[in-house]
Amino acid sequence: MAEVLVYVDHVDGAVRKPTLELLTLARRIGEPVAVALGNGAGDTASALAEHGAVKVLTDEAAEYADYLVVPKVDALQAAVAAVSPAAVLVPSSTEGKEIAARLALRLGSGVITDAVDLEAGGEGPVATQSVFAASYTTKSRVSKGTPVITVKPNSAAVEAAPAAGTVEALSVTFSEQATGTKVTSRTARESTGRPELTEAAIVVSGGRGVNGAENFSLIEGLADSLGAAVGASRAAVDAGWYPHSNQVGQTGKSVSPQLYIANGISGAIQHRAGMQTSKTIVAVNKDAEAPIFDLVDYGVVGDLFAVVPQLTEEIKARKG
Ligand SMILES: Cc1cc2nc3c(=O)[nH]c(=O)nc-3n(C[C@H](O)[C@H](O)[C@H](O)COP(=O)(O)OP(=O)(O)OC[C@H]3O[C@@H](n4cnc5c(N)ncnc54)[C@H](O)[C@@H]3O)c2cc1C
């Protein structure tokens, strides 16, 4: 069976959820071989084996942390040369997309970004994308070289599928460009204790209807009752009520959670572009004609200041 390379996103050995989702998809195409780089790469092996990696190629060189993406591209290129995979899968983060693009260029291969599903095909893996503000769903496959595909978080369920996960050292020779851009300092972002927006299974968002930064505590309260991330419309962000890093939409982040709850958001096309592929969409809006209601699975026509606190209390009560 053909091998499929999966690029591992991890923090000091703790594997992030989108990588485990990639392993689920990789198993549809072939045998997953994971590539883990940097500090703690070796510690990723048990989680990766538990989710189907037959092999884990590791390299803990300091270059991966000290420089921007090129050392990682060098390593993936070395892995492709060693394995001759049927495809290379990379999580669709900003960094992941840059790595994928550079790798595809080096390999002379086609690249597909932001896939939301992946299946085996006679002539190579077929990727599903949601395009033009999610107005169209397309299926495509790479017709030249080794397919390099980035996949959005929450595109597949994490499934345990124990495999050998044999750890092998990956031999990497860094290119001249590898040390071209050095990381000069790092500042950890203050932790909110909430999940990362693009990876969260549930996202609770607030828009102009929230009517002030101080009222976002209502949105945060609902999010915390569900263990969710907090999102915001551009109107709320532009008003300075919530940080830009939480903006959902065309010029913000693209999310695809199991559940998206939009509060006081009208549903402009640019907002929809960032959340329309969510599995279940709920909206609370006091205007029954708001366009967001064209999109929802469940809609509540009502004042969010009345609805959201009740919803939060009910969820807390049911969780007991
Ligand atoms: C190039 C470009 C890029 C853009 N990118 C983005 C983007 O990335 N993300 C994004 O979100 N937007 C983006 N926009 C802006 C977008 O067009 C909308 O202006 C924006 O999404 C509106 O935000 P909103 O829904 O919060 O506000 P509004 O459209 O003003 O809607 C507020 C809603 O709240 C409801 N409401 C008010 N009070 C209450 C209440 N008490 N209870 C319940 N409901 C209430 C109202 O009925 C209304 O439907 C972009 C625009 C452009 C031109």
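All ligand and atom numbering here is 1-based and tracks the order in the structure.
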As an exercise, identify every atom of ligand 1 less than 4.0 angstrom from a heavy atom of [X].
X      : result
Gly252 : 8 (O)
Gln250 : 7 (C), 8 (O)
Gln247 : 6 (C), 7 (C), 8 (O), 9 (N)
Phe305 : 41 (N)
Asp303 : 40 (C), 41 (N), 42 (N)
Gly207 : 26 (O)
Gly249 : 7 (C), 8 (O), 9 (N)

So which heavy atom in the protein is nearest [atom], and how far is it from that ligand atom?
atom                    : value
atom 48 (C) of ligand 1 : Asn285 ND2, 3.7 Å
atom 2 (C) of ligand 1  : Arg234 NH1, 3.5 Å
atom 5 (N) of ligand 1  : Thr251 OG1, 2.6 Å
atom 22 (C) of ligand 1 : Ala235 CB, 3.9 Å
atom 53 (C) of ligand 1 : Gln270 NE2, 3.8 Å
atom 24 (P) of ligand 1 : Ser233 OG, 3.6 Å
atom 18 (C) of ligand 1 : Ala268 CB, 3.6 Å
atom 32 (C) of ligand 1 : Gly264 O, 3.5 Å

Next on the checklist: Could you see if Tyr242 belongs to whatever hydrophobic cluster contains Leu304? Use Ile, Leu, Val, Met, Phe, Trp, Tyr and a side-chain cutoff under 4.5 Å.
Outcome noted: yes

[X] [atom1] to [Y] [atom2] distance, which is reported to the nearest 0.5 Å:
X      : Y      : atom1 : atom2 : answer
His244 : Lys253 : NE2   : NZ    : 8.5 Å
Thr251 : Gln270 : OG1   : CD    : 7.5 Å
Leu37  : Glu60  : CG    : CD    : 10.0 Å
Asp9   : Ser93  : CG    : OG    : 6.0 Å

Item to check | Per-residue contact class, Val248 against ligand 1 - non-hydrogen pairs under 4.0 Å | outcome: backbone

Checklist outcome for this item: Here the side-chain hydrogen bond (donor to acceptor under 3.5 Å, both in side chains) pairs for residues 289-312, sequence neighbours left out, are none

Next on the checklist: Show me the pairs that pass side-chain hydrogen bond (donor to acceptor under 3.5 Å, both in side chains) and involve residues 179-193, at least two apart or across chains.
Outcome noted: Arg189-Glu196

Is there a donor in the side chain of [X] and an acceptor in the side chain of [Y], or the other way round, less than 3.5 Å apart?
X      : Y      : answer
Tyr64  : Asn39  : no
Asn154 : Lys279 : no
Thr280 : Tyr260 : no
Arg234 : Gln247 : no

Next on the checklist: Which heavy atom of Gly206 sits nearest to which heavy atom of Ala236, and what is that distance?
Outcome noted: O-CB, 3.9 Å

Next on the checklist: Looking at non-hydrogen atoms alone, which of Ser205, Ala288, Ser266 comes nearest to atom 25 (O) of ligand 1?
Outcome noted: Ser266

Checklist entry - Is Leu304 close to ligand 1, meaning an N/O of one under 3.5 Å from an N/O of the other? => result yes

Item to check | Gly302 touching ligand 1 at heavy-atom level, < 4.0 angstrom | outcome: yes

Next on the checklist: Under 4.0 Å and counting heavy atoms only, is there anything from the protein next to atom 36 (N) of ligand 1?
Outcome noted: yes

